[in-house]
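Chain naming here is simple, since letters A, B, ... match the order of the sequence lines and numbering starts at 1 in each. FYI, side chains are in, hydrogens and waters are out, and symmetry mates aren't considered; it's all heavy atoms of this structure.
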Amino acid sequence: MASLKLAVFTMALMAVVSAVGTFVEAKLGLEHAQKLVYQSYWMIAVMVLFVTNLTAVILDRWPWQAKHSSFILAHVGLIMLVLGQWVGNNYGLDGTMNINIGSENKFVTVSKTEVQVYSSFDAVQYTRLYRQDVDFISNPPTPEKPLVFKLEEGELKFTEFKPFVVPKRDILPSDNENSGRAVRFQIKNNQTQAVEWVYQKSSQLSDIKPMGLMNVVMGPIKPELVGQNILHFEFQNDELIVTTYKKGEQQLHRRWMAKESDSLQLDWMGFELKLLRVLPKAEESWDFQEKDGPTPLTVAAAKINYKNKDQWVLQNDTLKIFSENAVYILTYGQKRFELDFSVQLKDFEMVKYEGVNKAMEYKSIVNVPTIENHVISMNEPLKFKGLTFYQASFQQDEMGKPISSVLSVNYDPGRVLKYLGSLLVSIGIILLFYFKRKWSWPFSKKP
Amino acid sequence: MAFFKKALVSFVFLFNCLTFAVTELQVLPVQDGGRQKPFDSFARENLELVYGKTSFEGRPAYEVIFTWMLTPEAWAEKEIFQVSNLDVKKRLGLKEDGKRYKGQDLFGNPAFTDLMVELRDKRETKEKLTPYYQALQRLENQYFIFTEIAAGRMLKVLPMEGQEVWGSVAELPAEFQGLFAEITKSFISSIGTQVEGGSSADKAQALKTLDQAVLNFKKAAQEKSAGLYPTGSSFNIEVHFNEFHPFRWSAVFYGLSLLLYILVWVMTKPIMQTIAHGFLGVGFLLHTYGFAIRVYLTGHPPVTNMYETVVWVAFGAVVFAGILAYYMKNKFLMVGGAMVATLCMIVADNAPVILDDSIQPLEAVLRSNYWLTIHVLTITVSYSAFFLAMALGDIGLIYYLRGEKKFASEIKAIAQSVYRSMQIGLAFLIPGIILGGIWADYSWGRFWGWDPKETWALIAALGYLGVLHGRLVGLVRDFGMIAGGVATFSLVIMAWYGVNFVLGAGLHSYGFGAGGVEYVSAFVIAHFILIIYVALVRRERQKHQ
């Protein structure tokens, strides 16, 4: 066990497994790499071998002498680093918290996923039937080996898992009186052209499509858009009214009554508007497009079978299922931990580089019990009740204004081991050079 | 720091007096890309994006860009738009063997609109852009830059009251329009005297008038927006840095020293050794001088993108080679050092599209000089030592080919140098990885997260540790050490270049780029072939003994 050949072999093995992990990450994302490689039994076996070998070589040198100190420190340090990482992974907390500006949050979201099932007989009061951790990446459900939840009537079965789907919206004509309304249009001049939908869910809500020099709006115009270039759609008794507002002009610029397949000349930089579909009654319908790897738009989805009917649920989404007597709610998504205090985001400040839309620095001003107005910025975290809060990122609305701050929240009981290990390895390396000078040069031994 | 700045400024001033003058137009302040910069830098960066070089038929970038505003129609008929991607050329129906094309053939082309729609659709999927889409993106940029500069909308020259974005030439208030028209007028007559070959007095007079026109504009801008308008000499230093380009000269001197070292090596002429040292020394001084200016201009350690790390690795390799040569009295070390320095500096200077040398705003997370200095500098300087080990390994392999018995002492000396270089490399790489862990713990909240960049740094460290441990048990002897020095460097290439340019995944996304994969792969594969070839030759020879 203390053999150096084994050590070289272990190092090579670690290198190969880690290298595979990086390629898995490049193709499938970090979560897959973690589950399939870095936290797999493979990796654990290699690490156990590594630590055993390290321990054995240290014990093998007994009784220790001064000249062994660099060797022992460096190798003990390595063991500590590995153990520290293991402790942190298994007993620590590593999650994120998304707080809207001006509001508060006490839930930390982690990457582990779970399924919860609730039932109700009156659709008002719900009782939780199941709460179970699931890991669909390592153990995806299949039609042959489904994940089953027994209900009063029938079984709820997870039968398929797709890690990367893009939910695709389609808009269809509808007969429902409470439906929304929609227009599909093409806008073009001799340099550019674009085809888009605008869909208004209800008469109070509006849909805004920023299109470079202008905003296309359906529904009420928000105050912050007044005075900008706007192309506005509105239905009056199933008739479409198209209005343009020009930047800097107080009054509307032009107005048309229009119908499907009409073409309008907008007299802005030669733009022509063509109305491809005009739907006074429309509804959304969702479809999935499967991808080979993650993109910012993909999400995981699981297929659920209940009474021979298939339905899909997206990660971090809920699904309502109706039986004859009851309503079931199924949630599938990341686990959340409730803290015993809440974090309030008083303000979020972002400084941009001059003249461009690139963040130079950003910071959150937060309140926690007993600490007011603490500033969390890049490289400057907040420590509170054993937890550390780091500035991770932020979210913007479609106009580029920040709306919420994303903090990463962390508790790491392995931290002491990691830092001590780092220190020992570093001292070991320094001592190694010191003792090396006294040793004879292995190559220069003359026969 | 203040003294350092003063010394640098006076040195640059002296240099300028001796060598070349900077015209006032070159140092005209411009707001662009998140910072204020001299017009000269603005012009070079944009000409490089459009044309692929920082000068056009011998004319400097600032003249070319200025004339884009004056006669855009004439420029649209010149072949100034670089298109390299074959698929894009095919889609546009262009001659496939051309390098640069006329604006009217590209943007007046009906297929251009289709390509832009294609690019936009791809962007909407938020997927990673393939080389084809990156080429489309560049085409879009070229079109945007040319039309916006031509229309006077991109050149932002005047701070506007109450606005963060400066006013462009097209938006100037009336009094400044007049002042700018003066600049234009004197620019045209200055160009006229040069093209028509006026007397040198005429030329000097025209330049002086132009300088005066720019000075008048600057003075008025200064008065209108005191405090917002930059003063001082940093723009002069930047233009001097652009014009003199110390890194290119250091590449030249490193190359000369390498040639001489090789001559010394082959012909054993000791006097030439001194000259070679001299050239290397001059190259190194110029390299240091370039770094001093770049650090002064950017305000951060010079390791924030691929280009800067390549230049930094060359620097480290010369330092390590010098120190080791001093202690080990081994002439091959200097050859190896000069090899690494020359290669790195030539690559850094000749791949502008892959290794962008312009000064860009830093990502928010990198804006911590303290951590950037200690973590990134230590990691990248370890690459220097490993690169040196590789160069030495190459020399060792050549000796194996020339005769293992005959050159036994040389081979032994080289194996020792490779071993030492690896030790130095690890002495920087391992603490560098640990410091990276501490920085990550401090700013992201996790010490080790299997991010590809950190994982590959670990893999490289494991590779070198494997070689060093293997030596202790006799798995690795002289040949193993020399071949290991060459082969293991491929892990460093993966950590340094591969993660950013091939994998393109993970949190170190601020260093991502594209291109050059074929050259780097060829470099790695050629070395593996060399190792295998030498190993086979050795085995054959041993059989016959």
Looking only at heavy atoms and a cut-off of under 4.5 Å, which of A/S426, A/A392, A/A19 has the most pairs with chain B? A/A19

What part of A/V195 is in contact with chain B, defined as an atom under 4.5 angstrom from a non-hydrogen atom: side chain, backbone, both or neither? backbone

Output the distance between atom CG (A/L6) and atom NE2 (B/H469), rounded to the nearest 0.5 Å. 11.5 Å

If we define contacts as heavy-atom pairs under 4.5 Å, which of B/Q31, B/E164, B/Q163 has the most with chain A? B/Q31

So B/I438 and A/Y419, do their side chains get closer than 4.5 Å, heavy atoms only? yes

For chain B, which residues of residues 31-40 of chain A have at least one non-hydrogen atom nearer than 4.5 Å to it? A/Q34, A/Y38

Strictly below 4.0 Å, N to O, side chains only: are A/K291 and B/E127 in salt-bridge contact? yes

For A/S18 and B/T455, work out which heavy atoms get closest and say how close. CB-CG2, 3.5 Å

Check each atom of A/V8 against the heavy atoms of chain B and say whether the ones under 4.5 Å are side chain, backbone, both or neither. side chain

Which of A/F389, A/F23, A/Y362 touches chain B most, by non-hydrogen pairs under 4.5 Å: A/F23

Within the distance-only criterion (no hydrogens, no angle test), does the side chain of A/K358 pair as donor or acceptor with the backbone N or O of B/P361 below 3.5 angstrom? yes

Kindly compute the distance separating CD (A/E354) from CZ (B/R35), expressed to the nearest 0.5 Å. 10.0 Å

May I ask you to test the A/T295-B/T125 pair for a side-chain heavy-atom distance under 4.5 Å? no

Residues B/W450, A/M43; criterion side chain to side chain contact (heavy atoms under 4.5 Å, CB included); working and verdict: CA-CA 12 Å; B/W450 295 108; A/M43 196 64 176; 3.3 Å; yes

Does the side chain of A/T22 reach to within under 4.5 Å of the side chain of B/V499, using non-hydrogen atoms? no

Nearest 0.5 Å, what's the OG1-NZ distance between B/T113 and A/K188? 10.0 Å

Pick one of side chain, backbone, both or neither for B/Y143, based on which atoms fall under 4.5 Å of a heavy atom in chain A. side chain

In the structure I gave you, are the side-chain heavy atoms of A/S422 and B/F447 within less than 4.5 Å of one another anywhere? yes

Which value, rounded to the nearest 0.5 Å, describes the distance between A/N89 atom CG and B/R446 atom CZ? 11.0 Å

Can you tell which part of B/E124 gets under 4.5 Å to a heavy atom of chain A, answering side chain, backbone, both or neither? both

Please report the C-alpha distance between A/M11 and B/Y464 in whole Å, then the side-chain angles of each, then the deciding distance to 0.1 Å, and finally whether the side chain to side chain contact (heavy atoms under 4.5 Å, CB included) criterion is met. CA-CA 10 Å; A/M11 280 190 263; B/Y464 284 101; over 6 Å; no

Within the supplied structure, the quantity of interest is the number of heavy atoms (other residues, nucleotides, ligands) at a distance under 6.0 Å from A/N189 CG; does it exceed 12? yes

OH-CD distance between A/Y353 and B/Q360, expressed to the nearest 0.5 angstrom: 10.5 Å

Would you mind telling me which of A/R415, A/M14, A/K352 has the largest number of heavy-atom pairs within less than 4.5 Å of chain B? A/R415

Over all atoms of both residues, closest heavy-atom pair of B/L503 and A/A26: CD2-CB, 3.5 Å

Picking from B/D32, B/V165, B/L475, which has the most non-hydrogen pairs under 4.5 angstrom with chain A? B/L475

Say whether, by atom type as modelled, one donor and one acceptor occur between the side chain of A/Q85 and the main chain of B/W448 under 3.5 angstrom. yes

Do A/K418 and B/D441 have side chains that approach each other closer than 4.5 Å (heavy atoms only, starting at C-beta)? no

